[in-house]
Amino acid sequence: MDEPIEMSLDPKDWSAFRRVAHEALNDALDFLETVRERPVWKPVPPEIRAQLLNEALPVDESPLETVYEQFRTRILPYATGNVHPRFFGWVHGAGQAGNIVAEMLAAAMNSNCGGRDHGAIYVEREVLGWCKQLFGFPSEASGLIVSGTSMANLVALGVARNARGPLRTSGVGQAADRLVAYTSVETHESIAKALEILGLGSCSLRKVPINRDATIDLSTLQQFIAEDKAAGLRPYCLIGCAGTVNTGAVDDLQELARISKTEDIWFHVDGAFGALCMLSEKLQHRLKGIEQADSLAFDFHKWAHVQYDAGCVLVRRADLHRAAYSMRPPYLQGLSRGLGAGQDWPCELGIELSRSFRALKIWFAFKEHGARKLGQLIERNCEQARYLAERVATKPELELLSPAYLNIVCFRVRAAGLDEKSLDQMNAEIVTDIQESGVAAPSTTRVHGRLAIRINITNHRTQFRDLDVLVNAVLKAFHSRLALRIPQLPDA
Ligand SMILES: *Cc1c(COP(=O)(O)O)cnc(C)c1O
């Protein structure tokens, strides 16, 4: 039977297609090359929002050129801003040019990395091998590239939970109702969310107070564990933070490892960004103990600047990892030869079956730049945070709320005559003013109950002078806000 050849999704005219594709690649590279000249962020204007939100499902085809033009004018100018050297909000990586190539090539291959025997599977295994080496995990340990640390925490805590009983078949119910996990009050919310998803409930997470330096208070932790045991509960998991999201504090991982051994409980480390300090010879001593973790979660898309999204979970005991997730129904059963061959399919180690070729961009990033340079950039960010903390300390209008443990500094403006509530409001407004000005993008958090201007530096493009620009922007916004307040004073 004659088939109409135009009934496929491939370009009818490859050379016309190529022209648009090359133009798009050029624009993408221009976008990165000139990032410093643009505002960090700008809001999506109402008319563009309307264009984006009000279009009905496209039923008819359009030339790629038209679609690309819409992307170029409606979407590209309104990026999050984290590629910019003065993006300091939350914990966002800055991405890199080489990953544009890697992502394009992964798209061309369009591999499904759930399993089977093909190149992408070996790339992922190689990347995982590098990670085991980096973190001092045994080569028999297992791991999985995932979307980010939220997913990595979930996968790891699922292994920790299932290691405590046949919960896969019985369901959580009574078998799990006495399990208790421990972590500091500063831990990331993805831990509680993981426990909710795992059916253990966030109330099964005991939040331990912190010391002055924002690390977990070890004696209270031990006291909690003893009390819980005496009450007939089953402590099963201890979660350490290697770099807390608020202030970048690193728990005493060595002591946590020791306690988890003594108490015979699982030791998980959330090292979303901080774990990559392992790449720096100067910083890696801060992570001592991480090599003893039963499981470790971290991101490549934060401090390794791999494009979103890319995280990783490592599990010391491969047998427990597989036991928690492996499922090979008949249509997924491996054969001894051919495409369907191979043991240890990634789908047996996590939640997703179909998976993208995330490992390729990580592989490109480590090969192109090398671990040494990535580590040096991390060191520089920590030096920049210390520089900022020093600058803040010299300004009478500014008050340091948390020092630079690693790469995060929290501070606020202060003024005589403003109570705590007005100060909170003032500092929040300053952060929004600066974001809207496009000069920089800080974010906010609370430190000791106070609203803080939070500066996180996970950015290979940031220069020391960018922090001077930031401090000046804060002071300028502060003085304009103060001037605005004057009319509110009683004029008798
Ligand atoms: C960012 C972060 C997470 C969550 O990671 P995602 O990659 O955003 O899912 C968890 N823990 C800490 C400490 C983080 O900084």
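One-based numbering, in listed order, for ligands and for the atoms of each.
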NZ or CZ of Arg38 within 45° of Phe31 ring axis and under 6.0 Å: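 The answer is yes; both the distance and angle limits are met.
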
Cation over ring face, Arg206 and Tyr182, 6.0 Å, 45°: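 No, Arg206 does not lie over the aromatic ring of Tyr182.
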
Lys302 touching ligand 1 at heavy-atom level, < 4.0 angstrom: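 Yes, Lys302 has a heavy atom closer than 4.0 Å to ligand 1.
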
Ser190 near ligand 1 by a heavy-atom separation under 4.0 Å: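 Ser190: in contact with ligand 1 (<4.0 Å).
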
Result of checking Leu360, Val313, Ile362 against Ile145 for side-chain contact (heavy atoms from CB on, under 4.5 Å):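 Single side-chain contact (heavy atoms from CB on, under 4.5 Å) partner of Ile145 among Leu360, Val313, Ile362: Ile362.
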
Sub-4.5 Å side-chain heavy-atom contact between Lys132 and Leu314: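 Counting from C-beta outward, Lys132 and Leu314 do come under 4.5 Å.
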
Proximity of Ala272 to ligand 1 by residue part, where a heavy atom lies under 4.0 Å: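 Side chain only.
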
Within-cut-off N or O pair, Ser147 and ligand 1, under 3.5 Å: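 By distance alone, the answer is no.
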
Heteroatom distance test (His301, ligand 1): nitrogen or oxygen, under 3.5 angstrom: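 By distance alone, the answer is yes.
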
Top protein contact for atom 9 (O) of ligand 1, by heavy-atom distance: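 Ranked first by proximity to atom 9 (O) of ligand 1 is Ser150 OG, 2.6 Å.
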
Minimum non-hydrogen distance to atom 5 (O) of ligand 1, winning option of Thr149, Thr458, Val146: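 Answer by nearest heavy atom: Thr149.
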
Salt bridge (charged side-chain N to carboxylate O under 4.0 Å, His left out) partners for Arg414, two or more places apart: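 In terms of salt bridge (charged side-chain N to carboxylate O under 4.0 Å, His left out), with neighbours along the sequence ignored, Arg414 is linked to no residue.
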
Neighbour count >12 (heavy atoms, 6.0 Å) for atom CD, Glu33: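 Atom CD in Glu33 is not packed in, count stays at 12 or less.
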
Glu379/Lys282 salt bridge by N-O under 4.0 Å criterion: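 Looking at Lys282 and Glu379, the cut-off is met.
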
With Glu140 via side chain to side chain contact (heavy atoms under 4.5 Å, CB included) - residues at least two apart: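 Glu140 satisfies side chain to side chain contact (heavy atoms under 4.5 Å, CB included) with Pro138 only.
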
Using a strict cut-off of 4.0 Å, indicate which atoms of ligand 1 neighbour a heavy atom of [X].
| X | value |
| --- | --- |
| Phe273 | 15 (O) |
| Gly243 | 13 (C) |
| Gly148 | 7 (O), 9 (O) |
| Asp299 | 5 (O), 6 (P), 7 (O) |

